[in-house]
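Structure record follows, encoded as structure tokens.
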Amino acid sequence: MRPNTIWFDRVTSTQDVARRFAHRGVEVAIVARIQSRGRGRFGRYWESASGGLWMSLLLFPDERFNWRHLMNMMGSLAVVRLLDEYDVGRPGIVWPNDVVVRGRKIAGILTEGHRSAVICGIGVNVNQTSFGSSLTGVTSVRLETAREHALPDVFDTLISHFYDYYRLGRRLSVAALVNEYRRHLTLTNEVVRVTVGSRTITGSPCDVDDDGRLVFRETNGLIRRLSCGQVQRLRWS
Ligand code: BTN
């Protein structure tokens with residue numbers, strides 16, 4: 001099971017292009033060499049020069065589930081498996097969906113809803129060897145492996161892993177998905193800062209629940225379940 005895939009040279013954002021296909025009701029993958037207005041979570045700019053894999057999957061999942069969280073999990077797990085296969089040492093997930101290697105961000109996932117569709121955007125730094133001066137704490141597959149990689153091969157591997165997880169989710173094995181996600185979660189029990197809207201709280205991530213919410217123990221002992229937020233490690237080693 002694989003969606004039709006359309007490759008573009010340059011787009012504003014693959015999310016926007018995928019959205020334009022939503023009325024057709026058919027799954028499709030949009031991939032671009034360059035995005036001029038790639039976006040990340042919380043409306044942030046996502047640097048999308050050539051060399052990275054910039055893709056969006058237009059999907060029509062069952063409405064009974066909290067697909068937004070599940071997609072984030074599926075996307076980040078698919079990236080972790082991809083990186084394992086490419087011998088990028090020890091990738092981990094920073095809740096909810098940043099994929100990091102040695103504390104540096106290598107991939108991000110942005111899930112958006114549009115009518116009955118869910119658009120899962122995945123950006124992976126693959127062949128870049130440098131980044132804009134404002135971007136720190138990032139890395140790429142090439143920087144980690146000292147090898148260049150063919151983007152169509154990277155895409156094929158990633159999409160096949162994504163669909164493995166998507167099938168798992170559809171077979172109602174959500175618990176299996178969450179368990180695997182838990183295994184790759186980093187920063188557990190470490191003191192971090194989480195920004196939720198305009199509030200910042202300090203404490204330790206303990207777990208994720210079966211809905212993908214972060215179970216977070218504040219420094220004052222209060223346990224919260226967070227649906228969204230930006231986790232910041234206080235100090236990367
Ligand atoms: C994040 O970490 O904030 C999420 C980044 C998601 C980036 C991808 S690249 C492909 C797709 N198109 C976009 O404009 N964003 C996502």
Residues 89-100 vs side-chain hydrogen bond (donor to acceptor under 3.5 Å, both in side chains), sequence neighbours excluded, gives Asn72-Asn97, Asp98-Lys105
Restricting to non-hydrogen atoms, name the atom on [X] and the atom on [Y] that form the minimum distance, rounded to 0.1 Å.
X: Val194; Y: Gly229; answer: CG1-CA, 4.3 Å
X: Gly203; Y: Pro205; answer: O-CD, 4.2 Å
X: Thr14; Y: Ser56; answer: OG1-OG, 2.7 Å
X: Ile119; Y: Ala18; answer: CG2-CB, 3.9 Å
X: Gly75; Y: Phe162; answer: N-CE1, 3.8 Å
X: Val208; Y: Leu185; answer: CG1-CD2, 3.9 Å

Could you tell me the separation between the [atom1] atom of [X] and the [atom2] atom of [Y], rounded to the nearest 0.5 Å?
X: Leu53; Y: Leu82; atom1: CG; atom2: CG; value: 8.0 Å
X: Asp211; Y: Leu214; atom1: CG; atom2: CG; value: 13.0 Å
X: Leu151; Y: Asp156; atom1: CG; atom2: CG; value: 11.0 Å
X: Arg41; Y: Gln230; atom1: CZ; atom2: CD; value: 6.0 Å
X: Asp207; Y: Thr188; atom1: CG; atom2: OG1; value: 8.0 Å
X: Ser140; Y: Phe131; atom1: OG; atom2: CZ; value: 5.0 Å

Could you go through Arg33 and Trp7, starting from their C-alpha distance and side-chain angles, then the distance that decides it, and tell me whether this counts as side-chain contact (heavy atoms from CB on, under 4.5 Å)? CA-CA 8 Å; Arg33 191 176 65 85; Trp7 290 76; over 6 Å; no
Just wondering, are more than 12 heavy atoms of other shown residues or ligands nearer than 6.0 Å to CZ in Arg19? yes
Other residues, nucleotides and ligands only: do more than 12 of their heavy atoms fall within 6.0 Å of CZ on Arg182? yes
Contacts of Glu144 meeting side-chain hydrogen bond (donor to acceptor under 3.5 Å, both in side chains) (sequence neighbours excluded), chain-then-number -> Arg102, Thr139
Can any side-chain N or O of [X] pair as donor or acceptor with the backbone N or O of [Y] at less than 3.5 Å?
X: Ser13; Y: Gln15; answer: yes
X: Thr157; Y: Phe155; answer: no
X: Glu47; Y: Gly132; answer: yes
X: Tyr86; Y: Val126; answer: no
X: Asp9; Y: Ile34; answer: no

Given the rule in the side-chain contact (heavy atoms from CB on, under 4.5 Å) test, do Val80 and Val99 qualify, once you have shown the distances and angles that lead to the verdict? CA-CA 7 Å; Val80 166; Val99 183; 4.1 Å; yes
Compare all side-chain heavy atoms of [X] with those of [Y] and state whether any distance is below 4.5 angstrom.
X: Arg193; Y: Val231; answer: no
X: Trp54; Y: Ile122; answer: no
X: Val138; Y: Arg104; answer: no
X: Glu27; Y: Tyr166; answer: yes
X: Leu77; Y: His184; answer: yes
X: Val17; Y: Phe8; answer: yes
X: Gln128; Y: Arg142; answer: no
X: Tyr45; Y: Arg39; answer: no

Can you sort out the partners of Ser227 under side-chain contact (heavy atoms from CB on, under 4.5 Å), two or more places apart, ordered by chain and number? His69, Arg213
Is [Y] reachable from [X] through a run of hydrophobic residues whose side-chain heavy atoms are each under 4.5 Å from the next?
X: Val196; Y: Val192; answer: yes
X: Trp46; Y: Met71; answer: no
X: Val94; Y: Phe216; answer: yes
X: Leu177; Y: Leu57; answer: yes
X: Val215; Y: Val174; answer: no

Is there a side-chain contact (heavy atoms from CB on, under 4.5 Å) between Ile109 and Met74? Walk through the geometry before answering. CA-CA 10 Å; Ile109 288 100; Met74 291 170 192; over 6 Å; no
Can a donor-acceptor pair be found between the side chains of Gln35 and Ser48 at a distance below 3.5 Å? yes
For Asp16 and Arg37: C-alpha separation, side-chain torsions, deciding distance, then whether salt bridge (charged side-chain N to carboxylate O under 4.0 Å, His left out) applies. CA-CA 10 Å; Asp16 298 338; Arg37 264 185 280 138; 5.5 Å; no
Worked verdict on Ile201 versus Leu226 for side-chain contact (heavy atoms from CB on, under 4.5 Å): CA-CA 11 Å; Ile201 51 179; Leu226 307 174; 4.2 Å; yes
